[in-house]
Amino acid sequence: MAKMRARLLVLLAAVLVSASLTSAEASRATATAADRPPGVLWFDERAATTLTVEDGRFTDGLGREVVLRGYNVSGGTKLDENRGLPFASVADAQKSAAAMRGLGGANTARFLLSWAYAEPVRGHVDERYLAAVTEQLRAFLKTGIRVYPDFHQDLYSRHLFHEDSWYTGDGAPAWAVEQGNYPRESCGVCLFWGQNITQNKAVTRETYDFWHNRGGVQDAFLTTARTVMEYLAEHLTPVEFAGIAGFDPYNEPHPGTYEPGQSSRAWERDLLWPFYEKFRARMDEAGWRDKPAFVEPNLFWNANLDFQRQEGGLLDAGSSLGPRYVFNTHFYDQKAISGVFMWGKAKNGQYAGDFTTVRDRAAGAGTAGIVSEFGHPLAGAVADKAPSVLKAMYQALDSRLPGGTWWSRPQDSGQVLSGTQWQWDIYNGRHHELMNGNPDKVLTEGDAWNDEDLSAVRLDDSGAAVLRQDARLLDRLYPSATAGRVVGFSYEDRSRDGSTTLTWNPVPPSLPRLAELVGTGRYGVLLWRPDGTPAPTELHLPASFDPARTTVVSDLGALHGLPSYEPGTPVAVAPEPGGTGSRRLLLTAQGGDPDLHVALVTDGATAPSADLLRAARAELTQWAGGLG
């Protein structure tokens, strides 16, 4: 009877949530039923109606705390081979999206756009390009992946570079370059393409002119951006448009050249932030008023090499960025990439401080934070560091704390950060790019751009998408939507560096029954405070977590083998919307439950006894109860 009563209460809550839709919303939902991704449950449609920033966190239409995780799609936009599109066809976009969801565990994609191909002639936007962008972007929305577009640039424009150059760029169209009297580009003695940002006079002068709107070039960009956003708002259905998380106005901004006596912080205040305010106004005019702008500070604000770091972080953008903006930053370990400033592999907790800086800056700005690019080369002299560097970065996204201290003070974990890894390019190693238009320099290897090779995916000889990195690292357990607020989270992925399993956060000996239950398997622990939301808390369940062999111990229950979800089931499994076969763990709290919930999820237990499940549950809830 108690179980039946609980299910009836949840069904009643679902009816009340549904009834709270306005008649206009209900009509629109009915009209667009064919656009809904497969696998939706009673709460999914309302949850997907919006993504907003509230109390410094992303929240969905039900007010649940949301974590965005995924990849950048893709560096192919930087190339000419597909005319500034990520994919050669919509079919390839669909294949990539399905793999990103099913293999990579993504719920979000940062979707690259090209100004050069959007506006090849000044004042004339190419609607054929916009139509192709829309169809490829739609492929991701239909798999249940949220998307935030990004007007991408690196080194300002490929049109700055001559056909015999060692390097290339992307971003601005040819007409924006031709209007200036720029010197022939040259980086001098540059070992890394990024050195062009500060050493290549053609790049620095053109970048400077953009920020100072020389010849109205910035105004032209803003006008094109508005047109692109209007096009997307008009040509996506309301259900699809709801899946657009926001817009990233400008990739990795840098002044190019400072005015005499000007600091990085002053440049952000006087030139970068006013640009973002103008972009925000264009978003509002284009029908994007309810979506945040994902704004980036000076790209060197958090560099981990002292001689590269420049003061910034949008410190002077008013008293607060607020909910209409998201603090959006990148992080690459330049010490590790250099091969000189960091010997050996990344260690447990290596990036806790760097990512804490991101959390603190976002919190100080009164908004959510996201690390929209992070990664490490998978080929070349420093590729051996990639497994440990990426594990340490994901560890730092999950929690402020390194393994070993997490269990003693999980309440200090901080917010679970959102992030999109660079990158997801199914054509990795199979490109056909004429570098700077030179038919004698056809690039096929890696990412086909400035010797980079960071894609987490490729196509095998049969045309199927396969991962290039350890699936245990990429397809992770994470709290995608929490009914309340996350107090602490940690995931021990047991990912591998060659034949070595990296275990940085074992269950401590003080919790022997939990340690026995987990064994050598993977596990994650979530602590959260409920807020009365009737919808479940969701955790993405990695594809390799077989529901029949997955164990959950929680104050909500303890079981080995997950039942299919029905309203009122405390612990259950269900498909993620999108029809790709990816799954989610659903944890449903009942009225009158305690004000702190805890759940441990593991694939390590093999047919645990009822006594072990009971003992592990008692141990876990006692530990959580002692946190205060």
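Here the options are Phe374, Phe489, Tyr351, Phe355, the test is ring-ring contact (aromatic ring centres under 6.0 Å, His included), and the partner is Tyr394; only Phe374 passes. In summary, of the residues considered (Tyr117, Phe275, Phe247), a ring-ring contact (aromatic ring centres under 6.0 Å, His included) with Phe151 occurs for Phe247 alone.
With hydrogens and angles left out, the side-chain atoms of Asn72 and Arg110 include a donor and acceptor closer than 3.5 Å. Inspection of the Trp424 and Ser455 side chains reveals no N or O donor paired with an N or O acceptor under 3.5 Å. Using modelled atom types and a 3.5 Å distance limit, the side chains of Thr52 and Thr59 yield a donor-acceptor pair. Asn328 and Tyr148 share no donor-acceptor pair across their side chains, judged by distance under 3.5 Å alone. Between the side chains of Arg361 and Thr329, no donor-acceptor pair is found at a separation under 3.5 Å.
Residues passing the side-chain contact (heavy atoms from CB on, under 4.5 Å) test with Ala233, sequence neighbours excluded: Phe241, Trp288.
Tyr325 has its ring centre no less than 6.0 Å from the ring centre of Phe294.
A salt bridge links Arg476 with Asp398; the closest basic N to acidic carboxylate O contact falls under 4.0 Å. Look at Asp412 and Arg400 and you find no salt bridge, because none of the NZ, NE, NH1 or NH2 atoms lies under 4.0 Å from a carboxylate O. Salt-bridge formation is detected for the pair Glu240/Arg138: a Lys NZ or Arg NE/NH1/NH2 atom is positioned less than 4.0 Å from an Asp or Glu carboxylate oxygen.
Annotation for Arg472: atom CZ counts as buried by contact number, over 12 foreign heavy atoms lying within 6.0 Å.
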